[in-house]
Structure formats: C-alpha cells, structure tokens
Amino acid sequence: MARREHYCKSTTADDANLTWHTENPDFTKCFQNTVLVWIPCIYLWFCLPFYALYLQHNDKGYIRMSHLSKAKTAIGLLLWLVCWADLFYSFWERSQSIYRAPVFLVSPTILGITMLLATFLIQFERMKGVQSSGVMLNFWIIALLCAIIIFRSKVLHALNPPLQDAFRDATFYIYFALVLVQLILSIFPDRPPLFSERVNDPNPCPEESASFLSKITFWWISGMMVQGFKRPLETKDLWSLNKEDTSVEVVPVLAKNWEKEYLKTKRFKEPLKMLYSPSKPKKETNPDEDTQEEAEALILKPQAKHVEPSLFKVLYKTLGPYFFMSSFYKIVHDILMFSGPEILKLLIKFVGNKDAPNWQGYCYTVLLFLCACLQTLILHQYFHICFVTGMRLKTAVVGLVYRKSLVISNAARRTSTIGEIVNLMSVDAQRFMDLATYINMIWSAPLQVILALYFLWQTLGPSVLAGVAVMILLVPVNAVIAVKTKKYQVVQMKCKDNRIKLMNEILNGIKVLKLYAWELAFKEKVLGIRQEELKVLKKSAYLSAVGTFTWVCAPFLVALSTFAVYVLIEKNGVLDAEKAFVSLALFNILRFPLNMLPMVISSMVQASVSLKRLRAFLSHEELEPDSIIREPMKNGEGIIDMRNATFSWSRSDPPSLKEINLTIPEGSLIAVVGQVGCGKSSLLSALLGEMEKKEGHVVMKGSVAYVPQQAWIQNASLKDNVIFGGEIKEPFYNKVLDACALLPDLEILPSGDRTEIGEKGVNLSGGQKQRVSLARAVYCNTDVYLLDDPLSAVDAHVGKHIFDYVIGPKGLLKDKTRILVTHGVSYLPQMDTIIVMIDGKITEAGSYQELLKQDGAFAEFLRTYANADQNKDQEVPSPTEDKRLENGILMNEKNEKLLQRPLSVSSDSTKNAHHNSTTNLEKSGGEKKDWKLTEADKAKTGSVKLAVFWEYMKATGLVLSFISVILFLCNHVSSLASNYWLSLWTDDKVINGTQQNTNMRLSVYGALGISQGIAVFGYSTSVSLGGVFASRYLHLDLLHNVLRFPMSFFERTPSGNLVNRFSKEMDTIDSMIPQIIKMFMGSLFNVIGACIVILIATPIAAVIIPPLGLIYFFVQRFYVATSRQLKRLESVSRSPVYSHFNETLLGVSVIRAFGEQKQFINISDYRVDENQRAYYPSIVSNRWLAIRLEFVGNCIVLFASLFAVISRYTLSPGLVGLSVSYALQVTTYLNWLVRMSSELETNIVAVERVKEYSDLKQEAPWTIQQAAPESNWPHEGKIEFRNFCLRYREDLDLALKNISATIHGGEKVGIVGRTGAGKSSLTLGLFRINESAGGEIVIDGYNIADIGLHDLRFKVTIIPQDPVLFSGSLRMNLDPFEKYSDDEIWSALELAHLKNFVSGLPDKLNHECAEGGDNLSIGQRQLVCLARALLRKTKILVLDEATAAVDLETDGLIQSTIRKEFEDCTVITIAHRLNTIMDYTRVIVLDKGQIVEFDSPNNLLQKKGIFYYMAKDSGLV
C-alpha cells in the first residue's frame, strides 16, 4: 500500500469512503493510473507465450492485406504514438523542472510497448491465417472496460473545474476513442487465407470464416436454422465437414497409433492366450483350451502378468491434445459456478441492511448477470469440444473396425458374427461418443464437491459434516447400483446380439420361411430371446428407480441433516435467510456432481465393456499375407506351385487339405472334380490365402481373379458390378458382356446396364448373378482365374455358351491360367488337366484320356455318371457338331430378345433366398432411365405428431401413464412447499439469540421431504415399468407385422432398414425413452415451480416472465424444426454405412481376391463422412439453442434480483433468498428442459419408425378357420391351372399368361424353358408367394386362393433352389416345430444320404450350424433340404433346380430317392439338366410366360420343337 502511495505521490490510493460507502462511487487517481492501466497489459503479456506457440503449430496459410488489417495496424500504431506522447510530455515536464510521480513515466511506457505488441500480433495472426482472434478481442474489451472507468471519472472531474492536466486529458480521450474503434474492428473477421481448401468447396462450413464472437455464441449456424425453419432441410443444404473431422484425417492416425501399441505389447509377453493368438504359440496349448467359447468380451481370462494393448491409451493419444482444451474450460466454469451463491449472500445482506446505498444492489445484480453469461459461454465451448471429440472418436472407431474386418482371418470371423461386428460399429461407437461428453466429470465432480463443501463450511461451520456423512453413506448405494447395472448391461448386450443375429438370418432367409410356413416357429425363437432380454430390462428398471430415488433425495437429505444439526447443536444456531439460502444454493450445486457421478460411472462402465469388445476384435488374428508367396509374372516353370501344402480353416481345426502337390503351367485349363465336400472350394480358398497354412510351400505368380460359388453382387448398377472400380474400356466391356451371355439380359433389364441391382442381387436370377460375377472377373483381365463352379447355376445351353466363349480353349481367356471347379462332365474332355479330389487330398491328376486309361476313381465316377444318364454315351463332341451347337445357341438368343418378363427367378445364389425378382419393367418402347429397386430409408418431415406420443402412452398403459403424472405433481408440490416453509422459518424473529418453534419447523420440513422421496420412488418405478411394457408390446407388434409382410416387401426394403428397426430403434425404446421421460418431466415441473416462486416473492415479475416465456418458446420451436430434421437426415444417412458394411462382410473374400480393399475403404469413409455431415450441424445447433436459452434464463436471474433490489423495503430477506436461489437454478433446468424435449422428440421417432410398419399391406391370413380343408387333404395330389395369370407388381406386365394345364395325382412333371421363361413364377404362384392376377389354381377340389396360407404351404413341399440353413442345431433346421421323433429324423437323413455324415459329427443331430449354414458345403445343405422334404412327405413335391450344386453322383442318388420315396406323390421339377426329367410322365415347356408344349418327353422329341433343340444343346439327342 505505502509503496504504491509513494509511487503515485498521493496519500489516498484506496479510500473506502470514496469508493464504497457513498452514493456516488469513484476510484482514486492513483488506482486509475496504475491498476487500471496495467490490467490489459498484464493480460496480453500473460497470453503471449501460449498464443505464439499455438499460432506456430496451427498455420492455416497466409492472408493478404485487406483494408481491415490495414486499418487495425494503423490504429495500433496511433495508439502507441498516443501513449508515448504522454511519456515524452512527462520528459518535457521534467525539463521544465515540474517533477511528477514516477507513475507518469512508467505507465505510458508499459502501455506503449503493449500497444506495439498488439500491433505486431495483428500482423503475426495475418501471416498465420487467423481470420478472427479471440485473444485480441478480449484484450480490446478489457482495455475499453478499464478506460470507461477512467473516462467516467475524468468527465465527473471535468464538470467540477478547474481543469488540472489538459494535455493528458486530451491524449486520454483520443486513446479512448481509438480503443473503441479497435474493438469494433476486431469484431469483424478477415478474408480467408490464400490457397485454403474452402475456396474450391461448393458448400463450406461457415465456422472457419466466422468471427470470434460469432464462434463463441454459435451465431454462424443461424443461416441454417433460418433455412430449416422455412422449409425442411435436405442433404444438399448440409455443409462439408471441416477437414480435421473427416475420416481421411482421423482414421489413419488412430490406425497408426493402434499398430504401434499392439506391436509394443506383443514384444512384452508370452503369446496371447486369446483364442487365436496373433503369433504362433511357442508352447503346445492343450486342445480343450482352444475350443473354449469366448468370454463376455471375446476374451479369455488372462494369465497373471498379462499386458493387453491398451485401446484407451491409443484413443487418448489420437484425440487427447484437442480434448485437453475442454478441461481448461471446465475448470474455469466450475470456479465461476460458485460466484452465484457468493453474490446471493451479498444480495441477501444488502436487502437486510436498509442503510446500504442503492447502487450496490444494482452492482450485485449486474455482476450476477455477467457471471451467469460468462459461465454460459464457457460451458458451451466446453461441450462443443467434447461433442466434436465424440464425433471424431466415432469416425475413427468405425473406420478402424471396417479396415480390420477386411483383413481378419476366417477363424476369427467365426467368433464375431456379422451382427456383432455391426454392433461394434453402431452401439459401441455410440457409447464412446456419449462418454466423451462425460469423462471430464471424473475429476470435475470431486472438484465441485470439494469447493461446495468449503463454502458451506464457511457458512454453517462444522454442522456441514452431518451432510457430508449422509453423502458418504449414499456413495456405496450408488456403487452397488452401478455394479449391478453393469452386470445387467452385459447380459442385455448378449441377448441383443443373439436376437439381432437371429433376425438377420430370418430376414435373409425369409423366402424359405414362407415356403415352409415356418414363421411361427421362428417368431417363438425370437420371442424366447426377447423374454430373457425383458427380464433383465425389468430388473434394470427397478434398479434405476432406486437410483433415481437416491439422486433426487440426496440433496434434500443432506440439507435436512445439516440444518437439523446446526439448529439443535450449535449454541447460537439461528437459521437466517443468508445461511439457509446460500447453503441451499450450494446444495443445489452439489446435487449436479452427485447426480452426474453415477451416470458418468455407468457410462464409463458401458464404454469399458465396449472398449473390451472392440479391443478383442481389433486384436483378432489377421490373414497371413505371406503364407502364399505372390510374385510378379515372369516366364519360367509353373505359374502356381504347391508343395506338401496342408491347410485348415483355423489353427484349431483339423486340416481340410492335406499334402497337396501341384504345379500348374501358365495358360493351362485345369478342372477340379470330386464329391460334395471333398475340398474343391477349399483348394481355391487356399490359393487365395484365405486359409491357415499349416505347412508346405505355395507360390503364385501374377494377378488373380476369383468367381465364388455363390455370386456376390453389390448394391450398385450392373455396370458398376462388372467394372468393379476399374477403368472403363467400352469395346472390351461389351465384348465381355457378350461372352458372358449378358446382352440378352440387358434387353430385359429396365434400364440396361444402368439398372440398380438390389442388396445381394435380389432382382437377378441365380444364373444372371453368376454371369455378372463371371463378367467381373473377366473384365479384370488378370493372369490367373479361379472359377468355383460358375456353370452350375445356369441353363445347360447358356453354360455351353459360356464355356465356349469364355473359359474353354477358344474363349476370351484362352491365354490365361484357369482353374475350374466343376460338376459338368461334358466339359472335361476339353481340359488340359483334370484333378480328382477325395477328402482333401488329390488322388489323381492328368488329362481326360489318361485318367480313363488309369481306370481309377475317376473312371468309376464317369461310369456311374453315364449309367445315371440312362447309359447314353458321353462322347467328345466332334467339331462339326460344335458348329451346329453354336447355331443352336444363336437361335436361342434371337428368341430371347423378345422376352418381356423381368428377370427370371430361376436361380438365386445360396446365401440369399432373400428376394425374388420383382424387377420393374418399363414398356419396351419407353426410353430406359436409371432404375431403382430398393427404397432407401426415408426421412419423415414435419414435427413428430402427438399421435406417436399417444401410441407410446397406450403401449405403456394409460392408467400407469396417469399415475406417473400425478406422482410427479406430488413430488414437485412437496418440494416447493418445503422450500417455502424454509423461507418462513428463516424469517422467524430472533429472541435472546434463538428462534422459537424450531422443533416444529424442523419436523414439518422433514415430513415434506419424506413425502417428496416417496413420490420420487413411485414415479420412477411406474415410468420404468411402463417403459418395459411398452417395449415388449412394440417389439411384439413389429415382429408380428414383419413376418406377415408379403415377399414383395422384402425385395423392396434393404435388410439394413429392417435390422436398424430391430437393433437401433428397439434399443432406444428399451433403454433411452423411459430415462428421457423421467428427466423431461422433472425439468418441466422444476421450471414451472421456479416461475411460481419468483411470482410469489415479487409479483411485479409477472410483467417480465410471459415475454421471456414467449421468447423461450419461439427459440425452442425455431430450433426444433431444424434439429429434428438434422436428426432424421443423420439417421437416414446412417443406414448406408451399415448396408455397405454388411455387403463388404459378405463379399470380403472377393474383395481380397481382386485386391480392391482400398476402393471399399474409400467408399466406407465417404459414407461415414456423409453421416457426420448431418451430425455436426445437429450438435452445433444444440449449442446454439442452449446459449440462447440460457440467456433467457440469465435474464430471469437478472430480473428476479433486480425486482428484489427495487422492492427491497417491502421484502423479507427470506423471500429474496428463495426467489433468487430458484432463479439461479432456472438456467440449468431450462437447458435440461430443451435438451430433454428435443431428445424426447428425436428419440420418440424410434416409436414412429417401429409403428410405421404396422399399417403396410400384409399377406393373406395364415389360417382361415371356416375354409380350412380336412386334415388329409390333398389326398390325390391333382393340380389344375385354370387360365392362371401372375404378375410381380401392379405396374408390371404379366409374367405368366393364361396358363391352363391339369396335372394328375402321382404324375411326375418337368418344367423347362429358357432363363426368364417363367418356370419359377409357376411355383411362386403355387405357393401364393405372389397372388394370382387372374384365373385360379385348384388342388383336389380346393381353390388355393380361398384357404389360409399356412394350410396351403404345410401341405405342399418344396426343395428350393437355395439351400438355406439357419444357425441352430441340425435338428432345429429339419424340424423347427419338433413334431417328429428322432427315429423319423434319422430315417429321413438316411434316405437323403446324410446319415454317415451326421453320425460322424461329435454332436450328431445337435450339431450347431453356423450362420447361413456356412460350416456345411453347399451340396450338403442341398441334401439337408431334401431331408426336410422327406420328413414332411406331402402329396405334392416341387423341386426347384434342386440339384444344381451337387456333383453328378449325388445328383443320381437324390433322383433315385425321389423316385422311390415320392412314388405316389405328384412331383413337379424345374430342370436345367434335362437328363433328370427324361423319364418323367410329361414335360411343360414354357416360353415368355406361356405354355408352348406339354406332352411326354418322347412325343416332344418327335415333334422337333423347342424341347428338341434344348435336348440337342445338352447333347441328349
């Protein structure tokens, strides 16, 4: 003090009478010249080192000089001159022997240097590309605030002459004006830097170029908000992502860090005791251990000192530095939080002290308001950083999982089903996003608690310990709840994974379910899993009720115990307004961290479960890229060389290929033949590096193309499918299409090769899919071709064409090396080498003639085949015959041009009995547009209708809903009453140092509190239980509806959309909505309560609350319009991410074979970015809203305290305390209310989306009681078609036209015709998968259109083209309703030639089939389907291409079984191999949807019609 006075040469540096106890306050001259001048300087010099470092690292490029920066620089220099003018004036005074205080030299010097620094920073920022600077803006604001105080003082002095120091006053006025101008200029942003990416961006994010003020208030998003209010937003309105948020920037960093961490832990330890240890285990592990199922998070219990790679560390490394900023904001915000109660203390004192000057009250009011506003701005900066971090986290995790799934080995793929991997991307990535917003609470909550306790101690003294004790007692309760919650969480995730997996299969195999009428059995299976899930949900509901009870009551119990101890034990325990309400305000602050901690802990628990799952997935072993040595092409010996190679599917499996020795010369054509399941496909997989190499040496030269047995088709145009990311070479492309016989199909497709093909190729027939898959390989133009039986799914003559023009010695690929797995004996004579495989070994190899001479297994195989073929000689076609065959084919092609039917359903690839072609066919005259089949997920527009809320209430039960509301009311009424009672208590008169009636006051206060607790528990329980009821009802409803949809619905709807409903939307309904409803109702009542209290205390507030309410409401509506639409756009853009992911997982071997991983990663990244493009504006709009609403809340605080100051003479301190402490809470509640109401709106959309399937068209009823035929129907099996017509959709031409035919009971009828002639349409009509468009089908006197679908489908059996199996036991696959005994099942298996195979399995009938039956070969799956038919043994059997995928020997066995077992049944066969139907009673020949020939095979051959030519193509004539 004394030093400063000496320094100023003045006696009064601080004079309380001058500054505080006066009606007209002012600072002393000395204070003005020192402190007020130095404050801005100190600020700038303090910021300098940090800011300079930041600028050095974040260089955005150089900004050219603009008028703005010129003006800023000029004014900066002027300021410097003005300051130093003062300095030189002081020197001049000295020369005149006028000695002023040292302050007049020091202050201008410091200020001048600081102004120079400011000018330098303005230029430095420009060089580094900063368009608008917060540091500088704050500097000018602080400088101006300090100058205003001096300015007021100078003006006051100027009004009382004489003037003391005219020169210094003049320079100060100039300084003041210049600072004001600088501040105004600092508000505006500069132009963007040169060469920034923004320049080329069509729709850049305005954030980059926004000014600092616009950024901290989030004003820059207002443009989009206005647009969204005027009309619903669309995708094109969204801005591009900021560069640092894109996948390209985020994912590689995380991938690199994970790689480092992973390798580091690998060095430190024994081989990982995971199921699939990434490095070969050095010591023998015992075999039992290997087969163990994975534990909760796919991880076995680790050994003692076991270092796992820490994913958390990696995530922290990747995103930590940016996230760290948020912690800084959080600390500042936490400290500011306590300014409220402290100012409240002063305000209550002020109201109690009637002598204090009025301006102090106004000063407190303004302070309170400013602190609140500053708190708001800082808090939302904090949130913004958290959310952006969360967003980057999700991008990174999704990108990493996607990249990993492209390299994961087959063994590891088995442990993570597609459902689980998709969950990693959707649910677990979401968990991380949620955690990012909470994680800072881990240190911030204890900090807030400690600060609150410190201030409480100052207010109430040691009594606080009572409150603390209560809190400590509540901690274990919350801990127990958290632990339990975690346990339930894990169980629930498990159930959910299983349910989604099952749903996935049901949706993929829906056609088979419908054909077999198995919907009910599977519905029961799903509901069984769901029942488990609901049990867990119910337990969680009770837990959360207890949880809510402890949260809501904790602050009250703390307050009660503290006040009780204070009043009863302290000697002068007078509870006055200041003590009571300041401590209440502090208790309210306490409430937040205490409430948040359990939430944070549970969120961390969930995230840690997710972290484990994710780490386990990322640690899975990858394919060994070097197990197959790939070399570039160079002339020399074989292009493929295998020596002693032994392969298995995973480390723990027995080898599937043993001791393979094989050298393949360049340019040769090799056939691989053998029985079903002998390892033919495995051989190709081994060459592609998809299997585990146990031993041996494999070299492969040149590039590879692969055609899998089940064609994998992308959801893209046909052209994109063929070109597969290569460059477009039109002439070659057309040549390829021609060779693969695709040109006739393009004629049929609605828009030629631009037609969009649905998910998994739903609108192509199996043959077409196979040909597209082949065309893709041919177009790739590689050195080696691995063809896995591509000819099985196509008609004989098409197969012949493909062999001649593509694969064979004269085809497009004649100079390439081709390995063809085949069952077609007719092609074998033209092969260079034939490899015969039995049980994973090569038994013979050589040319056709050589093998015949050896007279080994192959010759035997050929003989049996020939016998099965009615002893027709299988001779090598002569060249002359060859010519004719080609003509035959050309003739057929000419015919095919006229086909009008969309695509035939003749043969769908196996994975997917998903969809049958319902391709839209525009009239051939019309021009061909790009045609879409699948419907993307649509975004609904407009507000969520009240009807949806009503639906949800009905689902929970109306009585429960009303009870909940009433309990909410009780809770809040008693809470208000208890606080009002407290204010009455504090105003009690103090007599002899104590208050009267203390005990009465205390007990009523306690009673009110207890009633509040009971109400809380009540409403919490009722809401949570209601939620469980609702989710049970909604799921049941959804499941029932989905199973009742007709087939056409599943063809139009991508499975991703449906799975989304069952996973994401159901998850929302299960776990989110009840919580949100609780919080929403809570906040709503709190806000209303606060307004009521303020009105009671200061009725004058009635003037201000309604207009503020209106502003609030307007801002809310304004926001919700945009936010809801953004949320919808976000969820719609989420579906493609999953669809693409699903597609990739199904085709991963093809993608790897072609080496197209990069292209697919780019597509995935692009789709994730598209999704985040909608997500980013939605988080920013949240901040925009919150800042505006909190401003409304801060205004309520302002007016509550202002009116309290105005009417201070009529108010008691108790009421002031009550009203202001409520007002202080309002901001928090308002904020919550809006967040919760918008959360409620956006989440209730889940109910809307689940319900939208309840009013779509369903298929005919499953059973009709009155029309049900008798139980032994059909007794004869006579089928009559009467003018039967069928079309696939209303807008398409007829696929079958006026079919009339009678098939007598017991007849065997074959149906033949070119691809697309309508063969499969006939069976679809028979099973009423598509209803008739005219005419009828009568079976044994019943018109099938009149009976229930299940009545019909149970009585007619089909062996479908695609052998679909579901995961579950083999027994369940044969007999889901458990109608048959084990003996019956075994005899069926015996007849289906599967008995040996099944009895060889360890679990026999309980053998677990993998998802889609992947652990059986396709031929074996086909035999399982045959066994199903044998079990059901109905009078009518339909075979749809049933033997396309089995070798000839098995084919013969199947045919003979069918002839024997179904002797007295009507059998209808759709045939590609004509030899199977040559001994049938009659044959129907279809062409263009009409019957052209119908007679016995022999008569047809004599007629020399279409049938004759087809037989000739197959070499049967």
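Values below: all heavy atoms of this structure, side chains included; hydrogens, waters and symmetry mates excluded. Everything quoted here is computed from the prediction, not taken from an experiment.
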Contacts table for residues 517-525: side-chain donor-acceptor under 3.5 angstrom, sequence neighbours left out:
residue, atom, partner, partner atom, Å
Glu519, OE1, His1350, NE2, 2.7
Glu519, OE2, Lys514, NZ, 3.4
Lys523, NZ, His1040, ND1, 2.8

Query raised in the report: If we ignore angles and hydrogens, is there a donor and acceptor under 3.5 Å between the side chains of Thr1068 and Asn1243?
Result: no
- request: Determine, for Glu1252 against Arg1061, whether the closest basic-nitrogen to carboxylate-oxygen distance falls under 4.0 angstrom.
  value: yes
Sorted by chain and number, sequence neighbours left out, side-chain contact (heavy atoms from CB on, under 4.5 Å) with Ser1456 holds for none
Looking at Phe1354, I'd like to know if the NZ or CZ of Lys1379 sits under 6.0 Å from its six-membered ring centre while staying within 45 degrees of the ring's axis. yes
Full working for side chain to side chain donor-acceptor pair (under 3.5 Å) between Asn1298 and Gln1490: CA-CA 7 Å; Asn1298 300 328; Gln1490 289 166 318; over 6 Å; no
Across all chains, not counting sequence neighbours, the ring pair (Phe, Tyr, Trp, His ring centres under 6.0 Å) partners of Tyr1342 are Trp1273
d(Trp1262 CH2, Arg1044 CZ) to nearest 0.5 Å is 6.0 Å
Any donor-acceptor N/O pair, Asp1375 side chain to Tyr1380 backbone, under 3.5 Å: yes
I'd like to know if the side chain of Asp1340 reaches the main chain of Gly1277, judged simply by a donor and an acceptor atom lying under 3.5 Å from each other, with no hydrogens or angles considered. yes
**Asked** Hey, would you say the Tyr516 and Phe1327 ring centroids sit under 6.0 Å apart?
**Response** no
The single option from Lys1064, Arg530, Lys496 that satisfies salt bridge (charged side-chain N to carboxylate O under 4.0 Å, His left out) with Asp1070 is Arg530
